[in-house]
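Working notes, beginning with the structure itself.
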Amino acid sequence: MNDSANGDYRNVLRERVREVHRRLQQHYPETRTLLQFENGYQLLTAVILSAQTTDASVNSVTPELFRRYPDPLSLAEANLAEVERMVKRTGFFRSKAKNITATARGLVEQFGGEVPEAMEELLSLPGVGRKTAHVVRGTLFGKPSIIVDTHFGRVTRRLGLTVESDPTKIERALEPIIPSEIQHGFSMRVNFHGRDCCSSRKPACFRCPIEDLCPYDEKRMSET
Ligand code: SF4
């Protein structure tokens with residue numbers, strides 16, 4: 001494709017993104033994460049625990065965890081075996097316990113116990129990857145954030161917005177076509193849509209509010 005055709009195609013995708021977002025906004029007016037938290041430290045910890053598990057499973061362990069370790073300093077100094085026991089239900093508990101305690105230590109040692117806003121600073125914390133950093137930046141600081149998880153990747157591929165499967169490549173491919181002011185809302189709503197309607201094995205295309213905007217060629221147009 002030459003530059004002009006590339007630009008035209010990008011404009012088509014930007015329009016598709018805006019319309020998808022407009023419709024999903026009506027279905028999912030709220031964009032708040034389903035993880036329970038009361039401050040930045042709690043959000044960051046909960047997001048790290050949410051890898052490979054459900055928000056409900058994280059919410060089932062965090063109240064006790066945050067009662068026992070109410071701030072980064074107390075978690076940084078925690079006994080690792082005790083933390084492992086407390087987060088066991090979220091799966092991969094050994095690495096998660098290690099990551100949340102190391103991240104708490106990083107917050108104390110590098111940032112005075114506060115969650116930093118800059119992407120590079122968040123990524124400098126052990127256990128914090130791009131997805132976690134974007135959730136925190138979008139949720140706590142209202143920054144543009146493309147949050148790529150398994151649901152977001154699947155839905156955006158089906159919508160023809162990207163052909164990539166690697167999360168960082170998906171983020172880079174979508175950055176130019178999702179206007180910055182809707183990046184966080186778009187990410188959250190596409191995520192909700194992936195869980196609620198556009199599931200991996202049985203997408204409910206017959207009741208999908210963006211079906212006419214979706215070029216996916218294996219749509220399921222009936223419930224059976
Ligand atoms: S039409 Fe089907 S595949 Fe496309 S977004 Fe909707 S549920 Fe997903």
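The figures that follow rest on heavy atoms only: side chains count, while hydrogens, waters and symmetry mates do not. Small disclaimer: the values here were computed from a predicted structure and weren't measured. Quick note: residue numbers are just sequence positions, from 1. Start at 1 and go down the list; that is how both ligands and their atoms are numbered.
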**Request:** Please say whether more than 12 non-hydrogen atoms of neighbouring residues, nucleotides or ligands are located less than 6.0 Å from CZ in R195.
**Result:**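 Above 12, so yes.
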**Request:** Provide the protein N, O or S atoms situated under 2.8 Å from atom 6 (Fe) of ligand 1; waters are not included.
**Result:**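 Per the 2.8 Å query on atom 6 (Fe) of ligand 1, atoms found are C208 SG.
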**Request:** Rounded to the nearest 0.5 Å, what's the gap from CD on E171 to OG on S145? Could you check?
**Result:**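 That separation rounds to 9.5 Å.
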**Prompt:** How long is the gap from CZ on R189 to CD1 on I210, to the nearest 0.5 Å?
**Reply:**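 CD1 of I210 is found 12.5 Å from CZ of R189.
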**Student check: side-chain heavy atoms of L43 and T139 closer than 4.5 Å** =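 Yes; the side chains approach each other to less than 4.5 Å.
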**Message:** Hydrophobic clustering (ILVMFWY, side-chain heavy atoms < 4.5 Å, transitive) - are L80 and F93 grouped together?
**Reply:**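 Different clusters.
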**Message:** What I want to check is whether the side chains of Q110 and S124 have a donor and an acceptor closer together than 3.5 Å.
**Reply:**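 Side-chain D/A pair, Q110 to S124: present.
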